[in-house]
Amino acid sequence: MKFKQSIKTLFIAGALLGAATSQAAEVEVLHYWTSGGEAKSVAELKKMMEAKGIAWKDFAVAGGGGENAMTALKARVMAGSAPTAAQIKGPSIQEWGQEGVLANIDSAAAEGQWDASLPKVVSAVMKYKGHYVAAPVNVHRVNWLWVNPEVLKKAGAKVPTNWDEFFAAAEKIKNAGMIAVAHGGQPWQDATVFESVALGVGGADFYKKAFVQLDQATLTSPTMVKAFDTLGKIKTYIDKDAAGRDWNLATAMVINGKAGMQFMGDWAKGEFTAAGKKPGTDFLCLAAPGTDKAFTFNIDSMAMFKVKGDEQQKAQLTLASRIMSPEFQEVFNLNKGSIPARAGVSRAKFDSCATRSMDDMDASSKNGGLVPSWAHGMAMMSATQGAMVDVIAKFMNSNMSSQDAVRALAKAAKTK
Ligand code: GAL
């Protein structure tokens with residue numbers, strides 16, 4: 001109910017009033033990119049806009065996964081002052097489209113030949129009723145395990161390639177007095193770990209049936225019980241101070257050798273990069289156990305809101321064009337840890353984790369292993385996702401049994 005209740009009756013005011021207008025060309029951009037690597041990434045867009053003579057009004061709302069940002073956005077739209085653009089992605093773009101508050105940016109898309117440079121699966125998500133309303137910035141892969149090889153070495157553990165080896169390594173790290181799994185106890189992070197675990201335990205077909213088709217039989221299957229059992233076991237390798245910890249602080253624990261491993265999407269790589277660390281030597285990017293043939297994608301995008309005045313509309317189209325430019329997609333993604341959403345960007349400057357991501361995305365799109373990240377808003381409507389995330393968080397923070405969790409998850413999947 002989350003989205004509908006808060007917006008449906010109130011959006012009209014926002015839509016009618018339109019965004020606040022000001023004279024000088026300016027774009028106001030809502031995002032939640034506030035960690036070290038993320039801030040560096042978004043700063044590149046600001047620079048490009050300023051180079052075009054357009055002022056950048058930063059509307060940054062801290063909080064990984066973007067829940068706080070979405071709350072702030074709803075409040076602004078209700079108040080009749082939508083920003084120029086906001087980081088909204090996946091099926092949520094359709095939800096906002098239905099409210100009638102998004103702008104048509106077809107002219108920027110036609111000029112930049114977006115249809116030809118984007119995979120169909122991506123361009124379809126950026127359109128509402130056949131018209132572009134959003135511009136994609138990247139593709140994040142979520143099913144990664146970040147590892148500090150020095151910690152493994154100190155603990156006498158080897159690089160894990162499956163669940164048995166993962167738990168063997170975790171046990172050694174723990175016994176050596178270090179934290180095996182760096183984690184932040186926030187619902188979206190809990191769901192991020194769980195989605196990789198479910199993919200690793202059940203495989204891509206299972207994942208699709210459970211989280212894309214929301215098939216009740218799959219959601220209540222013994223495989224799902226096993227996924228929760230595995231998550232329950234991972235819980236025992238997380239330190240007692242994890243509650244509320246931000247994801248980038250968990251990544252910092254891996255960077256500085258306090259912890260050995262973290263399940264997280266490749267925005268975590270942005271933190272390693274910002275800290276001057278090199279893949280292969282200072283850190284390893286491994287597919288989460290059992291998921292090396294699969295790829296959970298999470299595409300960030302900027303949805304454009306209706307703004308008033310020629311000047312502001314022109315500035316908005318410039319923003320959309322810049323976002324899709326090969327120059328921006330290169331520099332943004334080098335900092336962000338992700339890979340470009342569009343074709344035609346050279347691989348030359350990307351590191352081994354990024355090129356592996358590019359290759360794996362390609363291979364998985366051919367073998368059926370390419371799946372949407374449900375924890376990051378790619379697979380289902382926001383109300384359903386919210387209800388399912390709550391179940392995972394409850395499991396992480398209580399003694400709930402795997403059987404009870406499975407029943408609760410299947411019920412949550414019916415939320416509309
Ligand atoms: C994801 C988002 C990423 C990153 C991460 C942490 O949902 O797609 O761009 O910001 O959350 O906040």
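Whatever order the structure lists ligands and atoms in, that order sets their numbers, starting from 1. Quick caveat, the model's predicted, so the values are computed rather than measured.
- For ligand 1 and Asp300, the ligand atoms under 4.0 Å from any heavy atom of the residue are 2 (C), 3 (C), 8 (O), 9 (O).
- Residue contacts with ligand 1 include Gly65, since one of its heavy atoms falls under 4.0 Å from the ligand.
- Distances below 4.0 Å separate heavy atoms of Lys89 from the following atoms of ligand 1: 1 (C), 2 (C), 7 (O), 8 (O).
- Phe228 has its ring centre less than 6.0 Å from the ring centre of Phe194.
- Note: an N/O pair closer than 3.5 Å links Lys336 and ligand 1 by distance alone.
- Taking a cut-off of under 4.0 Å to the non-hydrogen atoms of Trp33, the atoms of ligand 1 that pass are 9 (O), 10 (O).
- When every heavy atom of Leu409 is checked against every heavy atom of Ile392, the shortest pair comes out as CD1-CD1, 4.0 Å.
- Interface of Asn298 with ligand 1, defined as ligand atoms under 4.0 Å from a residue heavy atom, comprises 1 (C), 2 (C), 7 (O), 8 (O).
- For the pair Lys235 and Phe395, the cation-pi test (distance below 6.0 Å, angle within 45°) is passed.
- Taking distance alone, with nitrogen or oxygen atoms compared against 3.5 Å, Glu38 approaches ligand 1 more closely than that limit.
- Atom 1 (C) of ligand 1 has as its closest protein heavy atom His376 ND1, 3.4 Å.
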Below 3.5 Å, can you tabulate the donor-acceptor pairs from side chains in residues 343-354 to any protein atom, sequence neighbours excluded?
residue: Ser346; atom: OG; partner: Ala348; partner atom: N; Å: 3.0
residue: Arg347; atom: NH1; partner: Asp359; partner atom: OD1; Å: 3.3
residue: Arg347; atom: NH2; partner: Asp359; partner atom: OD1; Å: 2.6
residue: Lys349; atom: NZ; partner: Glu330; partner atom: OE1; Å: 3.4
residue: Asp351; atom: OD1; partner: Lys269; partner atom: NZ; Å: 3.1
residue: Asp351; atom: OD1; partner: Cys353; partner atom: N; Å: 3.1
residue: Asp351; atom: OD1; partner: Ala354; partner atom: N; Å: 2.9
residue: Asp351; atom: OD2; partner: Lys269; partner atom: NZ; Å: 3.2

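- Counting the atoms of ligand 1 from 1 in the order shown, those under 4.0 Å from a heavy atom of Gly64 are 12 (O).
- Nearest heavy-atom pair, Ala408 versus Met400, reported as atom, atom and distance to 0.1 Å: CB-CE, 3.9 Å.
- Looking at Asp300 and His376, their side chains never bring a donor and an acceptor atom within 3.5 Å of each other.
- Checked against a 6.0 Å centroid threshold, the rings of Phe263 and Trp146 do not count as neighbours.
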